[in-house]
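Following: one structure in structure tokens, then a few remarks.
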Amino acid sequence: MSETIFSKIINHELPADIVYEDDAIIAFRDINPQAPVHILIVPKVAIATVNDIKPEQAELIGKMVLTAQQIAAGEGIAEDGYRLVINCNRHGCQEVFHLHLHLVGGRQLRGISAG
Ligand code: 5GP
């Protein structure tokens with residue numbers, strides 16, 4: 001997989017507002033937030049898209065969701081609620097080809113649209 005901007009953030013070669021980091025996952029605030037809370041939860045291993053997730057990475061994907069759960073609690077948005085989104089490829093409007101989970105909240109979101 002070719003290097004993305006997220007590899008540079010993972011390697012601390014590019015600055016980011018990091019809210020969580022461990023051996024497997026890094027989470028940082030989106031540079032162009034769509035809501036008061038907009039955080040990207042990113043596995044450190046390079047997986048390009050959802051299509052590229054391997055069965056043996058199921059635990060890692062679960063950990064991404066649990067990390068989002070913990071961050072949402074820390075941001076004080078757990079009770080009101082939030083949205084977790086993974087965009088995939090062209091029709092999903094994926095821009096950065098390093099898997100990431102969007103955690104979006106802090107305001108009333110509109111219903112998800114199919115269009
Ligand atoms: P995608 O469309 O691939 O699901 O989402 C990519 C997200 O990464 C976008 O919301 C975009 O604003 C964010 N993003 C792109 N480049 C950077 C960057 O250099 N730093 C941070 N923090 N976010 C970025």
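Order of listing sets the numbers, starting from 1, for every ligand and every atom in it.
Taking the six-membered ring wherever Trp is involved, the centroid distance between the rings of Phe6 and Phe28 falls below 6.0 Å.
Qualifying ring pair (Phe, Tyr, Trp, His ring centres under 6.0 Å) partners for Tyr82, counting only residues two or more places apart in sequence or in other chains: none. Evaluation of the ring pair (Phe, Tyr, Trp, His ring centres under 6.0 Å) rule for His38 yields His102 as partners, not counting sequence neighbours.
When all heavy atoms of Asp52 and Gln57 are compared, the pair lying nearest together is O-OE1, 4.0 Å.
Within 4.0 Å of ligand 1, contacts by protein heavy atoms are made from Ile5, Phe6, Ile9, Phe28, Arg29, Asp30, Ile31, Asn32, Leu40, Asn87, Cys93, Gln94, Glu95, Val96, His100, His102.
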For residues 64-76, which side-chain N or O atoms pair as donor and acceptor with protein atoms under 3.5 Å away, sequence neighbours left out?
| residue | atom | partner | partner atom | Å |
| --- | --- | --- | --- | --- |
| Thr67 | OG1 | Lys63 | O | 2.7 |
| Glu75 | OE1 | Arg29 | NH1 | 3.3 |
| Glu75 | OE2 | Arg29 | NH2 | 2.9 |

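From Leu99, atom CG reaches atom CG of Asn87 across 10.5 Å, with rounding to the nearest 0.5 Å.
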